[in-house]
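Each chain gets a letter, A, B and so on, in the order its sequence line appears, and its residues count up from 1.
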Amino acid sequence: MQQNLFVYNTLTRKKELFKPINAPHVGMYVCGPTVYSDVHLGNCRTYISFDLMFRYLTAIGYKVRYVRNVTDAGHLEGDAGDEGEDKIAKKAKLAQLEPMEIVQKYTVGFRDVMKVLNNLPPSIEPTATGHIIEQIEMVKVILEKGYAYEVDGTVYFDVEKYNKTKDYGILSGRNLDDLLNNTRTLGGQEEKHGKLDFALWIKAKPEHLMKWPSPWGVGFPGWHLECSAMSQKYLGSHFDIHGGGLDLVPTHHTNEIAQNVACCGTNPANYWVHTNMLTVNGQKMSKSLGNSFLPHELFSGENSILNKGYTPMTVRFFMLQAHYRSTLDFGNEAMEASEKGFKRLMNAFALLTDGLKASATTEVEIAPLMERCYAAMNDDFNSPVLIAELFEASRIINSVYDGKLKIDAANLEQLTVLMNTFVVDVLGLQNEQAANDDLPKVLNFIVDLRSGAKANKDYATSDKIRDGLSQIGFQLKDSKEGTTWSKA
RNA sequence: GGUCGGAUGGCCGAGUGGCUAGGCAGAGGUCUGCAAAACCUUUUACAGCGGUUCGAAUCCGCUUCCGACCUCCA
């Protein structure tokens, strides 16, 4: 925990030294998915980015409570007025299913994808439907403090009143006049006092499936409310990090801050962290644009955009090769480059794990490399620079393995610590070898047969074995010490 | 239209006043029966035009192009 970590804060638009409110404890809240359809790859990028932060904070000694919600109610379809319809309820009607069936299906799907991408589970994963009471209580407080008003069973947040004493645009950097002048006029908003006002609680129509009783009648919570209520419940009214996708800044997080300030008098988080978008041909990947594709399509290659499938770890590595605040453009060429790079890194790691020979003397010092790895991550979680350093480590490992470089036991030990810390713990990368215990024995036997053929200069046979294994997906490497194999 | 952000070599992608980012691809070499892998060497760059500076990809201004948000979105 002796690291000086700098984090880019959207509030100040600067990198700031990270100082937890109550070290070594860190509270981190990340806006999770709305579970009304499959997560797409862009969503995955965001959660991989926050997983990286969670892992690094933990690796440098912090005790992190990582809260990531699942929004299973209240998320509006269409505009923010009462014309909107609950996304989950809408899908349920179409599919002739109970809303909670939809929620269950996509929650399970989301968790499965998170797991294959090797994202650690958050400490707490609260749901909106599980916190209706907390949300109603928050609406009551905001009403009491005078920042909200009720119209016919729906409660709205009064943005213009709030902005008289507070700064509504503190996060987005926009001032209220600009917002008022540039907001498009939408229908169905007659009952709102101001056009920026948003719903805290929404009156349910009779046919609405997901609804709860409240002091204002039967209804359901507004979209932004659950994050305010749940972050407060599990992290307190003032915690360290609040994160989400960059597209949440102007509306969701702006409203969230307003709700918390109105309710508790304080901006809930010291550091607001936002991840950038995944693009396809330069355009944001999104459900509404129709250019999104699903994780399993990427893994299997079953999408017209894709030349082939890529393993989950290749996808993770691809995303970590870009900084979280840059847009990342998806492409087949880039994916293939990452696939090969990832393999190179993991091959070196495997050589290290299998055991390298230590010498009495050393020609390399690992300590400076270790420092550079920490420095990269301390600079706002700069994983691409970290990965560049890990390729330097790989070069050292390969050279030692080839007998071209000497390393002593102390430095070898440090190199092992470095690779384990950064590849496994921080980046969350893991080998994807087929988990079949018999396979290595069979392969070793075949390799042995081939070595016999080679010794007899029966190259026709030895090449046939090598080419055959290559087609199945195993690569043979001949060297003076003998032949080794690896999964291609 | 308003607000904000971006433009880096064949591709992806770091960097931010002077020192090689890195990966993939390309070229040459070492090794090998031949390969592959690995190692060594190496080509291609900072959108355009001005300005500040001893020195700018990096700072400032303008131009062009692209994107995000303003409406549900990670």
Side-chain angles (χ1 to χ4, degrees), chain A residues 13 30-34 36-37 39-50 75-81 84-85 87 169 172-175 177-179 181-184 186 196 223 243-252 274-279 282-289 292 317-318 321-323 325-345 347-348 351 376 379 382-392 394-395 397-399 401-405 454 457 459 462-463 466-467 470 475-480 483-484 486 488:
Chain A
R13 302 186 184 247
V30 173
C31 292
T34 303
Y36 68 101
S37 67
V39 277
H40 64 67
L41 208 60
N43 305 124
C44 293
R45 185 187 181 201
T46 293
Y47 301 123
I48 287 173
S49 297
F50 285 107
H75 211 153
L76 295 177
E77 185 90 345
D79 72 63
E85 191 175 6
K87 275 191 172 179
S172 65
R174 296 178 202 183
N175 67 54
D177 289 338
D178 286 343
L179 289 169
N181 291 332
N182 291 303
T183 302
R184 291 177 213 176
L186 298 162
L196 291 175
W223 171 37
L246 197 60
D247 49 357
L248 298 181
V249 171
T251 307
H252 181 57
H274 293 98
T275 59
N276 216 320
M277 300 293 107
L278 181 69
T279 60
Q283 270 210 321
K284 174 186 174 181
M285 178 180 284
S286 81
K287 286 172 190 170
S288 32
L289 284 173
S292 66
F317 183 73
F318 166 71
Q321 271 188 303
H323 188 257
R325 278 193 295 113
S326 300
T327 55
L328 171 60
D329 199 40
F330 180 88
N332 282 289
E333 254 187 292
M335 282 306 301
E336 277 173 44
S338 286
E339 185 176 51
K340 289 184 185 171
F342 175 63
K343 201 176 132 196
R344 179 175 153 81
L345 181 67
N347 278 347
L351 290 179
D379 185 14
N382 198 325
S383 56
V385 169
L386 170 63
I387 288 170
E389 301 296 352
L390 293 176
F391 277 114
E392 169 66 11
S394 301
R395 195 188 57 74
I397 292 166
N398 287 326
S399 293
Y401 180 76
D402 285 352
K404 289 169 182 160
L405 193 68
K454 263 181 69 182
K457 296 202 188 298
Y459 296 125
S462 72
D463 286 357
R466 184 173 65 198
D467 294 346
S470 169
Q475 185 177 68
L476 297 189
K477 297 169 208 169
D478 291 339
S479 72
K480 278 176 195 154
T483 302
T484 57
S486 65

Pair partner, B:rA38 [Watson-Crick or wobble, under 3.5 Å]: B:rU30
Between the base of B:rA74 and the ring of A:Tyr47 - centre-to-centre under 5.5 Å, planes within under 30° - is that a stack? no
What's A:Met285 touching, base or sugar-phosphate or nothing? Going by heavy atoms closer than 4.0 Å. base
Might you point out which heavy atoms bring A:Pro384 and A:Gln321 nearest each other, and give the distance in Å? CB-O, 3.2 Å
To the nearest Å, give me how far apart OH (A:Tyr459) and P (B:rU32) are. 12 Å
Minimum-distance pair of heavy atoms, taken over all atoms of A:Gly244 and A:Thr46: C-CG2, 4.4 Å
Using both distances under 3.5 Å as the test, list the Watson-Crick or G-U wobble partner of B:rA21, or none. none
Quick one: pull up NZ in A:Lys343 and CZ in A:Phe317 and give me the separation to the nearest 0.5 Å. 13.5 Å
Atom-to-atom span, CG of A:Leu196 to C1' of B:rU71 - whole angstrom: 13 Å
Tabulate atom names and distances for all N/O pairs under 3.5 angstrom spanning the protein and nucleotides 35-39 of chain B.
from: B:rA35; atom 1: N6; to: A:Asp478; atom 2: N; distance (Å): 3.2
from: B:rA35; atom 1: N6; to: A:Asp478; atom 2: O; distance (Å): 3.3
from: B:rA35; atom 1: N1; to: A:Asp478; atom 2: N; distance (Å): 3.4
from: B:rA35; atom 1: N3; to: A:Arg466; atom 2: NH1; distance (Å): 2.9
from: B:rA36; atom 1: O2'; to: A:Gln475; atom 2: NE2; distance (Å): 3.1
from: B:rA36; atom 1: N1; to: A:Asp478; atom 2: O; distance (Å): 3.1
from: B:rA38; atom 1: O3'; to: A:Asn398; atom 2: ND2; distance (Å): 3.1
from: B:rA38; atom 1: O2'; to: A:Asp402; atom 2: OD2; distance (Å): 2.3
from: B:rC39; atom 1: OP1; to: A:Asn398; atom 2: ND2; distance (Å): 3.1
from: B:rC39; atom 1: OP2; to: A:Arg344; atom 2: NH1; distance (Å): 3.0

Is there a donor-acceptor contact under 3.5 Å from the side chain of A:Ser49 to the main chain of A:Arg45? yes
Please round to the nearest 0.5 Å and tell me the distance separating atom CE of A:Met277 and atom CG of A:Asp329. 14.0 Å
Partner lookup for B:rC46, please. Criteria are Watson-Crick or G-U wobble with both distances under 3.5 angstrom; report none if nothing qualifies. none
Side-chain contact check for A:Pro384: nearest option of B:rC12, B:rA68, B:rA14 is B:rA14
Which of B:rC70, B:rG13, B:rC34 is nearest the side chain of A:Leu328? It is B:rG13
Can you measure A:Arg325 atom CZ to B:rA14 atom C1' for me and round it to whole angstrom units? 13 Å
To the side chain of A:Asp379, which of B:rU16, B:rA14, B:rG22 is closest? B:rU16
Roughly how far, to the nearest 0.5 Å, is the CG atom of A:Leu328 from the CG atom of A:Asn276? 9.5 Å
In the structure shown, which nucleotide is the Watson-Crick or G-U wobble counterpart of B:rG1, with both distances under 3.5 Å? B:rC70
For A:Asp463 and A:Gly341, find the nucleotide of RNA chain B closest to each by heavy atoms; which residue's nucleotide sits nearer the 5' end? A:Gly341
Taking any heavy-atom pair under 4.0 Å as a contact, classify A:Leu345: base, sugar-phosphate, or nothing. nothing
Evaluate whether atom OH of A:Tyr401 has more than 12 neighbouring non-hydrogen atoms of other residues, nucleotides or ligands under 6.0 angstrom away. no
I'd like to check A:His40 versus A:Asn43 (side-chain heavy atoms, cut-off strictly below 4.5 Å). Are they in contact? yes
For the pair made of CD in A:Gln321 and P in B:rA25, what is the distance, rounded to whole Å? 13 Å
Write down the protein N/O and nucleotide N/O pairs, taken from nucleotides 4-9 of chain B, whose separation is under 3.5 Å; answer none if there are no such pairs.
none

Watson-Crick/G-U partner (both atom distances under 3.5 Å) of B:rA14: none
Separation of A:Phe317 atom CZ from B:rG13 atom P, in whole Å? 14 Å
Which of the following nucleotides, B:rG33, B:rA21, B:rC69, is nearest to the side chain of A:Ala388? B:rA21
For B:rG2, does the base pair up with any side-chain atom of A:Asn175 as donor and acceptor (N or O, under 3.5 Å, distance only)? no
Here the pair of heavy atoms bringing A:His323 nearest to A:Asn382 is CD2-CA, 3.7 Å
So A:Phe330 and A:Phe318, would you call those rings parallel, tilted or perpendicular, with 30° and 60° as cut-offs? perpendicular
